[in-house]
Amino acid sequence: MFLHNTKLYGLARNLATGVRHLSGQKPKTAILMLNMGGPTHTDQVHDYLFRIMTDRDMIQLPVQSRLGPWIAQRRTPEVQKKYKEIGGGSPILKWTELQGQLMCEQLDRISPETGPHKHYVGFRYVNPLTEDTLAEIENDKPERIVLFSQYPQYSCATSGSSFNSIFTHYRSNNLPSNIKWSIIDRWGTHPLLIKTFAQRIRDELAKFVETKRNDVVILFTAHSLPLKAVSRGDAYPSEIGASVHMVMQELGQSNPYSLAWQSKVGPLPWLAPATDDAIKGYVKQGLKNFILVPIAFVNEHIETLHELDIEYCDELAKEVGVEEIRRAAAPNDHPLFIDALSNIVADHLKSEQSVNPKFLMRCPMCSNQKCRESKSWYRQLCSN
Ligand code: FES
């Protein structure tokens, strides 16, 4: 089934990028856009959950090799139902392809010396899987590969897992020769990303009547993280805080705001308050108008389209007596966001620095052997 889907995806992608191939232009710079991905169809849900639940960088469970597959199996019908309710699948692939295409068109214009540029999508848990995409890139023989994390804020559970998977892949596959590798690992405070979020918020604020507008609570929401990871020193909470701070600065501190954490799973303690608890808490305090702002993901996905839109903005809002609640769109294909992507890559290609020294550090309390080996492998990879 995996192979079948991969072939179909490859065919569709080759058709979509056919113009470039027909023009005979070999990409000089390959940009691999890394993300967790999401099932495009409900029949991919089980394999997607299986890969998440057996990835120890993402989640650590006791007897994971048995418990992980059991949880994946058990949760499949409930998660399939949620995907059906948002139209049958995740739009992450669609958005990432569009973002990549628009980014490369712009890069070809603003950085012709590093072109032609070609984007590739590498997902961690669903097709197109990063390992398959690496083979596709090798086949195209670019001079340079940029590994571009699509998580603006870095966490070892998300970005780290994607980078570790590339290291694992090349532990048992030959590294192609004569290619320069470099890494864009975090960019949560890039001015154009911040402007994109601010504009998405302004668009929603404008829909409130003027008399209410200044009192609307801007509630930033990001995927939660187990406190165990926070205590190891994962950079994620501080990087999310930095993005929130910069967006509010861009908005001139126009409104009251707060940060909450969504999508916790399991019984162990995670970052709190949960986004639904924060909404309930503010309503009790008499604050009844909200804009929810997903600050950690650059395209719509199940957590925005289902958890925020259906479970909170519709069901919860009615239950607790919210007056008005709106949700800021993810960056998606906003022109400012496409400018952000292209500028980040163009500046990176110009820079002498192929990897951020912060990326090569481990969390202070990291005891994961794979991180140790992976960081030292990247140090060498990016020094060539
Ligand atoms: Fe953060 Fe290993 S858990 S570097």
Side-chain angles (χ1 to χ4, degrees), residues 32-37 51-65 67-68 71 122-125 130-131 134 146-172 175 181-189 222-244 259 261-272 295-298 348 353-383:
L32 175 54
M33 302 168 84
L34 299 166
N35 209 334
M36 67 186 300
R51 291 189 181 103
I52 292 179
M53 290 298 165
T54 52
D55 175 13
R56 283 192 71 74
D57 291 331
M58 166 59 90
I59 191 162
Q60 284 113 41
L61 302 167
V63 281
Q64 189 145 4
S65 58
L67 189 55
I71 295 174
F123 285 159
R124 181 71 183 91
Y125 305 116
T130 306
E131 295 79 357
L134 286 168
V146 178
L147 303 177
F148 187 8
S149 170
Q150 294 303 293
Y151 305 100
Q153 303 90 3
Y154 192 96
S155 168
C156 295
T158 52
S159 340
S161 174
S162 275
F163 285 111
N164 279 354
S165 76
I166 294 174
F167 157 69
T168 307
H169 173 74
Y170 281 118
R171 217 164 27 178
S172 48
L175 193 64
W181 295 75
S182 62
I183 292 173
I184 303 174
D185 65 328
R186 67 197 78 206
W187 38 286
T189 54
H223 202 293
S224 191
L225 190 69
L227 289 189
K228 220 171 147 189
V230 177
S231 305
R232 270 200 301 268
D234 197 293
Y236 178 74
S238 63
E239 295 195 12
I240 294 285
S243 299
V244 168
L259 168 62
W261 308 90
Q262 65 182 94
S263 322
K264 171 186 187 294
V265 281
L268 294 174
W270 286 45
L271 281 168
I295 190 74
F297 233 80
V298 296
H348 173 79
Q353 193 176 57
S354 55
V355 60
N356 175 357
K358 168 73 176 158
F359 172 80
L360 297 174
M361 281 180 91
R362 293 160 67 199
C363 296
M365 309 312 285
C366 170
S367 57
N368 182 346
Q369 172 77 359
K370 200 198 284 175
C371 298
R372 192 173 69 77
E373 293 172 10
S374 159
K375 298 286 180 181
S376 112
W377 181 78
Y378 276 111
R379 184 182 294 277
Q380 192 163 6
L381 182 76
C382 296
S383 67

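Just so you know, these numbers use all the heavy atoms, side chains as well, and skip hydrogens, waters and symmetry mates. Note that ligands are numbered from 1 as they come in the structure, with each ligand's atoms numbered from 1 the same way.
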Chemist: Please list, chain by chain and in numerical order, all residues satisfying salt bridge (Lys or Arg N to Asp or Glu O under 4.0 Å) with K370, sequence neighbours excluded.
Modeler: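 With sequence neighbours excluded, K370 shows a salt bridge (Lys or Arg N to Asp or Glu O under 4.0 Å) to D57, given in chain and number order.
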Chemist: For a quick check under 3.5 Å, do H348 and S182 share a side-chain donor-acceptor pair by atom type?
Modeler: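 Side-chain D/A pair, H348 to S182: present.
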Chemist: Quick one: how many protein N/O/S atoms are under 2.8 Å away from atom 2 (Fe) of ligand 1?
Modeler: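 Protein N, O or S neighbours of atom 2 (Fe) of ligand 1 under 2.8 Å, waters not counted, come to 2.
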Chemist: Over 60° means perpendicular and under 30° means parallel, so classify the ring planes of H223 and W270, tilted if in between.
Modeler: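 Answer is tilted, since the angle falls between 30° and 60°.
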Chemist: Taking everything shown except R56 itself, do over 12 heavy atoms lie less than 6.0 Å from its CZ?
Modeler: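 Correct, the count exceeds 12.
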Chemist: May I ask you to check whether over 12 heavy atoms, not counting those of Q369, lie within 6.0 Å of atom CD?
Modeler: yes
Chemist: Return the SG to CG distance between C382 and L360, rounded to the nearest 0.5 Å.
Modeler: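 Going from SG on C382 over to CG on L360, the span is 7.0 Å.
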